Number of protein chains: 2
Amino acid sequence: MAVTIKDVAKIAGVAPSTVSRVIADNPRISLDTKKRVRKAMKDLGYHPNINARNLAVRSSQAIGVIMPSSADKALQNPFFPEVLRGIGSFAHETEYSLYVSTGGNEKEVYEEVQRMVNGNRVDGIILLYSRIADPIQKFLSDKKFPFVIVGKPSEQESEITYVDNDNFKASKDLTNHLIEIGHRHIAFIGGSTELTVTVDRLNGYKSAIKESDLLLPEEYMIHTEFLKSGGRDAVEQLFTLDQPPTGLVVADDLMSLGVINTLEEIGLSCPDDVSLTSFNNLYLSEITTPPPLTTVDIQIYNLGVQSARCLIEKAKNKDEPAKRIIIPYDIKFRKSTRSIL
Amino acid sequence: MAVTIKDVAKIAGVAPSTVSRVIADNPRISLDTKKRVRKAMKDLGYHPNINARNLAVRSSQAIGVIMPSSADKALQNPFFPEVLRGIGSFAHETEYSLYVSTGGNEKEVYEEVQRMVNGNRVDGIILLYSRIADPIQKFLSDKKFPFVIVGKPSEQESEITYVDNDNFKASKDLTNHLIEIGHRHIAFIGGSTELTVTVDRLNGYKSAIKESDLLLPEEYMIHTEFLKSGGRDAVEQLFTLDQPPTGLVVADDLMSLGVINTLEEIGLSCPDDVSLTSFNNLYLSEITTPPPLTTVDIQIYNLGVQSARCLIEKAKNKDEPAKRIIIPYDIKFRKSTRSIL
DNA sequence: CTGAAAGCGCTAACAT
DNA sequence: ATGTTAGCGCTTTCAG
């Protein structure tokens, strides 16, 4: 049996509650007893039992992190470990622990959330994705359980705390960049339109195209999974159009790699034949070859840190107002585009 | 206040202890009362409070997962989310939760482990790395706290449960493959020699080289960080030797991408000028271009699943013997090598 | 087959 | 400034 607060109390010659107060660093305890108690704790190798503490205070000093459900390879996206690192860093500072759910299918993820929330395992939850009509989001909202979204909620936007980039604008910037360097036929490749991030990036692209009075045929907007196999057909289709694009806005670096790969396979090269711009600034986008990608640095790590900060604020103070945090982005101009002026 | 076991008991007209037994599906409770109690639970929306349960039984139904400490980009390696997914899958099945520590610096990681272990937050720990003289490993061993390593321990090998690949043999296979297709000058690029995985892969390479009576100059074995900046110098050095290698065994796919990139920058191409073989079979190694990598599929996901299985066995039964599980590997021959016969 | 009661280790009034 | 006491919600003897 581990050493408890009582053992410490006995040795230090005080009451258990006093020990408890010392742990909490209660100012009403004399420095003298504090010292005595701390020595006793050290001598005995005392460590507070979290479960007992949580039970008594009805909290857990832990936050849950929910990855998107995905049988597929989406989790191989380094985006996730990177936000996680950001979240973990803030959590560590504030002495919170991290619970994660590494989604299998949608049902499993939902079960995990239930377990976290209903079992009192966590004080709040961070959602690492945002899709329309998400049952998990609804569950959390209904329960009034503290949560924050990394990304933008698809509904009740003003009532939910979230941290996001201005994806609309970033995407517009990217598209305009392509336009500025002479491209007139620009297509968009993104993930599922169920994801708000895809929608925002798509809309930013559209907006830029329209403002420049360029063509915006349906076939120029394609939505595919990360997977090579999925993307393959789409890309082939795109480049067998009568008027294939010369510029591409792709919603994710990992996807971009797949696209470039597919392009090569059908005999096209980037940036010689097609200019490509992308999102996320994964470390990968820099070391991959060729070419290093022109991509939007969305500050993934920082997204993580801020989401953790917001969540913990919310968890500590239930009626902390909903807030929105927009993390600035920064376009890294590299070698995947070419001026055709 | 949430609904408790007492509320359920009252509604069902039984004692709290009976409800508890129903939760545990105790066979000595009549089917009839079980039904009644279950109905009451459902009606009230009852969910057991994990903390209370854990406190009573002194366990947590949670396992801790420790990532390597790393200020650098190592965590951007998709290896981690992938093992995590494997671990999570098994954990979900067995109703365990996952605690993760996403290492900042070494000290922080150590603190996290302390918190997990001493605070009774987890029943066991999975270490996602193995380095020599690791204080965390020592701490866990000394405390006789259940843990398993993904990778091979550097000491006390027979007393520690671990799941690993036969990295020595895999590396030897890779090297022999290069030899078979005509290469006579083969170099090895790996990470820190503090990591057992690096050592094993290095030794496999050495063994193959020696058995074929090829040259094994010191300069042919380089150890660098994942980072491009770090790898850069090393690669440049390697290819300005009097006798630069024509074949490369690289210890990690992500590193390989960096290497290929650097090669390109100094005007060499893979596989035309240098053949490259690699490890991990990250999804990336397939979609990246050019070329798709010849790489060892180490079954990352499965490494995760098995480690979780072992750990949970160990956590449930403290004197479960230490065991070793070797996950088979499979070399994916792709396009990054070229026969020069 | 079920109930009563003690206790897991800690916190938080309430006293003093 | 510190001690007493009553829980937090659950499990688990021990009775019956």
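Since this is a predicted model, take the numbers as computed values, not measurements. Naming: A, B, ... by sequence-line order, numbering from 1 per chain.
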NA contact type, [X], heavy-atom cut-off 4.0 Å: base, sugar-phosphate, or nothing?
X         : value
Arg28(A)  : base
Ser30(A)  : sugar-phosphate
Val19(B)  : nothing
Gly119(A) : nothing

Output the single nucleotide from [options] whose closest atom is nearest the side chain of [X].
X        : options                  : value
Leu55(B) : dC10(D), dG3(C), dC8(C)  : dC8(C)
Ala15(B) : dC10(C), dG3(C), dC10(D) : dG3(C)
Thr18(B) : dA13(C), dG9(C), dG3(C)  : dG3(C)
Ile5(B)  : dT11(D), dT2(C), dG7(D)  : dT11(D)
Ser17(B) : dT11(D), dT4(D), dT12(D) : dT12(D)
Arg21(B) : dT2(C), dC10(D), dT11(C) : dT2(C)

Inset, instruction - Among Lys152(B), Glu157(B), Gln306(B), find the residue that satisfies the side-chain hydrogen bond (donor to acceptor under 3.5 Å, both in side chains) test when tested with Tyr162(B). - result: Glu157(B)
Legend entry - Side chain to side chain, Lys323(B) and Glu313(B), heavy atoms closer than 4.5 Å: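 Answer yes - side chains close enough.
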Legend entry - Any Thr33(B) side-chain nitrogen or oxygen under 4.0 Å from OP1 or OP2 of dT2(C): yes
Inset, instruction - Check whether any side-chain nitrogen or oxygen of Ser20(B) sits under 4.0 Å from OP1 or OP2 of dT11(D), and answer yes or no. - result: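 Yes, Ser20(B) has a side-chain N/O under 4.0 Å of OP1/OP2 on dT11(D).
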Under a 4.0 Å threshold between the charged nitrogen and the carboxylate oxygen, would [Y] count as salt-bridged to [X]?
X         : Y         : value
Lys144(B) : Asp319(B) : no
Lys107(B) : Glu111(B) : yes
Asp25(A)  : Lys34(A)  : yes

Inset, instruction - Give a yes or no on whether a donor-acceptor pair under 3.5 Å exists between the nucleobase atoms of dT12(D), that is its base, and the side chain of Arg58(B). - result: no
Inset, instruction - Would you mind telling me which residue lines up with the more 5' stretch of DNA chain C, Pro16(B) or Asn51(A), judged by nearest nucleotide? - result: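 Taking each residue's closest nucleotide, the earlier one in sequence belongs to Pro16(B).
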